[in-house]
Structure formats: structure tokens, C-alpha cells
Number of protein chains: 2
Amino acid sequence: MEDQVPLSERYLKTMGRRMTPQRRLVVDILSQAEGHLDATDIYERGRRQDARLSLATVYRTLNILKEAGVVRELHLDDEHHHYELDHQDKHSHLICLSCGRVIEVDSTAFAEAAETIGQLYDFRIASAHVELTGYCADCRRKQEMTD
Amino acid sequence: MEDQVPLSERYLKTMGRRMTPQRRLVVDILSQAEGHLDATDIYERGRRQDARLSLATVYRTLNILKEAGVVRELHLDDEHHHYELDHQDKHSHLICLSCGRVIEVDSTAFAEAAETIGQLYDFRIASAHVELTGYCADCRRKQEMTD
DNA sequence: ATGCAAATGCGAACTATTCTCAAATACATC
DNA sequence: GATGTATTTGAGAATAGTTCGCATTTGCAT
């Protein structure tokens with residue numbers, strides 16, 4: 001994963017915002033993470049590198065990065081949000097209502113549909129997110145066995 | 001909008017749950033609503049018909065209906081969730097990061113893509129939801145004027 | 001180098017949502 | 001139609017994710 005900081009800095013500058021060590025840290029942590037992290041994950045990892053990082057700053061940073069289109073906010077469960085860097089490979093999530101498992105799906109089909117819709121509605125898309133909720137194969141099998 | 005209660009009752013029974021006046025009420029309110037409602041909206045409207053309805057029951061009912069695939073939970077903003085009946089015309093939402101406006105989009109393109117993905121991953125889709133966040137035409141225009 | 005708006009840290013505050021538990025009730029069975 | 005029981009409900013307390021307030025620090029334009 002290449003360094004995302006310079007790109008993020010450009011986005012911030014565009015919005016009249018500053019790049020700070022804390023924001024750099026959050027972006028770094030998100031680029032090094034494989035999947036999606038929640039705010040506490042980011043906070044804990046951040047503290048290992050900078051003991052002065054506060055949770056409020058993590059939240060503020062995530063919101064700003066979200067508005068800048070750098071970060072995508074996911075609603076995978078009802079506990080709290082998860083965040084991931086918003087790469088252009090817009091992918092979707094299959095969320096099992098029974099076991100909560102999250103399956104990631106790369107989908108160019110969705111990306112293309114999103115593109116079309118954006119143009120149609122004169123809407124500049126910063127981030128696309130598809131949630132398909134339902135029941136995974138495992139849970140369906142278990143369900144059938146108890147019938 | 002036809003009566004959604006019998007259908008919902010079938011879904012509930014399948015899950016080994018009971019139909020109650022409160023659940024009927026929630027389904028009724030959602031079918032009569034044009035767009036998406038939040039839990040408090042539903043609670044307030046429900047109280048007008050049944051003064052004994054409690055907010056906890058509204059939340060419980062919404063979660064059960066969500067698991068049954070009757071209701072879809074939306075994450076339009078960070079304040080709280082919104083809910084709507086999950087009709088098969090899976091539509092998407094364009095959410096403006098600047099003014100918060102929500103534009104509803106009917107999209108068969110997305111529905112078809114969802115179908116394909118579901119089959120590919122052996123996942124029974126109960127509900128599909130697409131969120132495209134970005135900037136609407138109005139906000140982009142305003143933004144340009146202040147540059 | 002300087003000034004100031006923007007950002008931070010800390011803890012308190014807020015608020016959406018869930019939990020607890022006794023009382024009420026849907027509904028399968030008789 | 002009556003009965004028994006597991007489910008559901010209401011009310012308020014509890015929880016937890018997220019934001020706020022404000023004094024202090026700091027990025028960065030000049």
C-alpha cells in the first residue's frame with residue numbers, strides 16, 4: 001500500500017484545512033489496515049505511536065476525512081461505525097443478519113452503475129457504498145437443520 | 001399502498017414470532033409513510049393511535065422486522081437510523097455531504113447487480129441498499145461562488 | 001519570524017439505543 | 001372457548017458511541 005498522506009493533504013488543503021501529525025497518523029493507520037477499523041481501533045493503534053492522541057481527535061479527523069472523500073464510513077452493524085480508505089475500487093459488503101459476518105465483494109458492476117447515476121443526477125460522488133443484508137450460506141444451512 | 005400487515009405476519013411466523021397490535025401499528029405507519037422515518041417519528045405517530053406504545057417496543061419491532069427482511073435500515077446521517085418498508089424496488093440514496101439533502105433514486109441497474117452478486121456468493125439477500133455520498137449540484141455551485 | 005485561525009486534549013455532556021424485569025398477552029393445544 | 005406458557009410489552013434506568021466546551025497548542029500564510 002503506497003503512502004496515502006500526500007494525497008490526503010491535497011484533499012485537506014482544498015477544503016481549507018491543515019495537515020497535522022494526528023491526521024497523518026489516522027491516514028497512515030487506515031492505509032496499513034487490511035480491512036475496516038472502528039474509531040477505537042484507530043485510537044488504540046494511534047496511541048502506540050503518539051501517546052497524546054485523543055479519541056475526540058480521531059472522531060473529528062474521521063469526519064473531516066469523510067467529507068473530503070478520503071475515508072468511507074461503513075455501517076456494518078448497529079454498534080458503531082467502521083472506516084476505511086476510500087479507494088476507487090468501490091466495493092460492497094454482504095452483511096449476514098444472523099451471524100453478523102461481513103463478506104467483502106469487489107464489484108465493477110456497482111461502480112459503473114454508480115457512475116451512471118451520478119451523471120444522471122448531476123451529483124459528484126465522493127464515495128459509494130453498497131450494503132446487501134441477508135443470510136449467508138452457513139446460517140441458512142444451520143437454520144434448515146433446526147426446522 | 002396496499003396493506004402490508006398480512007405479508008409481515010407471514011414473515012414473523014416464519015421466524016417463530018408473534019404478530020401483536022404494536023407490530024401491526026409499526027408496519028402500518030411505515031406503509032403509509034412516503035419516505036423513510038426515524039424511530040421517534042414512528043413512536044410519535046404510533047402514540048396517536050395507541051397511547052400505550054413504548055419507544056423500546058418501536059426499536060425492538062424495527063430490529064425484528066429488519067431481520068425478517070420486511071424493513072430496511074438506512075444510515076442517511078450520523079444522528080440516527082431511518083427505516084422504510086423493504087419493497088423489491090431496491091432504490092438508492094444520494095446523500096450530500098454538504099447540505100445533508102437526500103435524493104432518492106430508483107435503480108434497476110443496482111438491483112440487477114445485487115442479484116448477480118447474491119448468486120455468486122451464495123448469499124440470500126434480504127435487503128439491498130446503496131449509498132452514494134458526495135456533493136449535490138447546488139452545493140457545488142455555492143462552493144464555486146465563494147472561491 | 002510572527003500572528004492568528006484552526007486543531008488538540010481532556011473530561012463532561014449528549015443522545016440514540018438497549019437492557020431489566022414484572023406484568024400483560026398471543027396463540028398452540030386441548 | 002378455556003388454559004398454559006413462552007413471548008412481548010412498558011417504563012425507566014443503564015450503556016455506549018459520539019460530540020461539545022474551552023483553555024492551550026500549533027500549522028502555515030505572510
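So you know, we letter chains A, B, ... as the sequences are listed, proteins then strands, and number each from 1. FYI, side chains are in, hydrogens and waters are out, and symmetry mates aren't considered; it's all heavy atoms of this structure.
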Run the side chain to side chain contact (heavy atoms under 4.5 Å, CB included) test on B/R24 and B/E9 for me, step by step, so that the C-alpha distance in whole Å, both residues' side-chain angles and the decisive distance to 0.1 Å come before the verdict. CA-CA 8 Å; B/R24 233 185 296 276; B/E9 182 156 4; 4.2 Å; yes

Under 4.5 Å between any side-chain heavy atoms of A/I42 and A/T61, yes or no? no

Residue B/A56, side-chain heavy atoms: nucleotide from C/dA7, C/dC19, C/dG9 that is nearest: C/dC19

Taking the nucleotide of DNA chain C with the closest heavy atom to each, which residue, B/H80 or A/V58, is nearer the 5' end? A/V58

B/T61 has its side chain closest, among D/dG17, D/dT9, C/dT17, to D/dT9

On DNA chain D, check which nucleotide each of B/G16 and A/E73 is closest to and give me the residue with the more 5' one. B/G16

Give the angle between the helix axes at the two ends of the helix from C/dA1-D/dT30 to C/dC30-D/dG1, taking five base pairs at each end and rounding to 10°. 60°

Contact under 4.0 Å: B/Q22 side-chain N or O vs C/dT25 OP1/OP2: no

Can you get from B/L97 to A/L85 by hopping between Ile, Leu, Val, Met, Phe, Trp and Tyr side chains that sit under 4.5 Å apart? no

Does A/H81 make a side-chain N or O approach to OP1 or OP2 of D/dT18 shorter than 4.0 Å? yes

Give a yes or no on whether the ring-centroid distance for B/H36 and B/H93 is below 6.0 angstrom. yes

Distance check: side-chain N/O of B/Y59 vs OP1/OP2 of C/dT18, anything under 4.0 Å? no

Residue-level proximity of residues 40-50 of chain B to DNA chain C when a heavy atom falls under 4.0 Å: none

Within the pair B/N63 and C/dT18, is there a side-chain N or O less than 4.0 Å away from OP1 or OP2? yes

Side-chain N or O of A/T57 versus OP1/OP2 of C/dG9: is the shortest distance under 4.0 Å? yes

Is the phosphate of D/dT8, meaning OP1 or OP2, less than 4.0 Å from a side-chain N or O of B/R60? no

N/O contacts under 3.5 Å, protein versus nucleotides 26-30 of chain D?
| unit_1 | atom_1 | unit_2 | atom_2 | d |
| --- | --- | --- | --- | --- |
| D/dG27 | O3' | A/M19 | O | 3.2 |
| D/dG27 | N2 | A/R18 | NH2 | 2.9 |
| D/dG27 | N3 | A/R18 | NH1 | 3.4 |
| D/dC28 | OP1 | A/M19 | N | 2.9 |

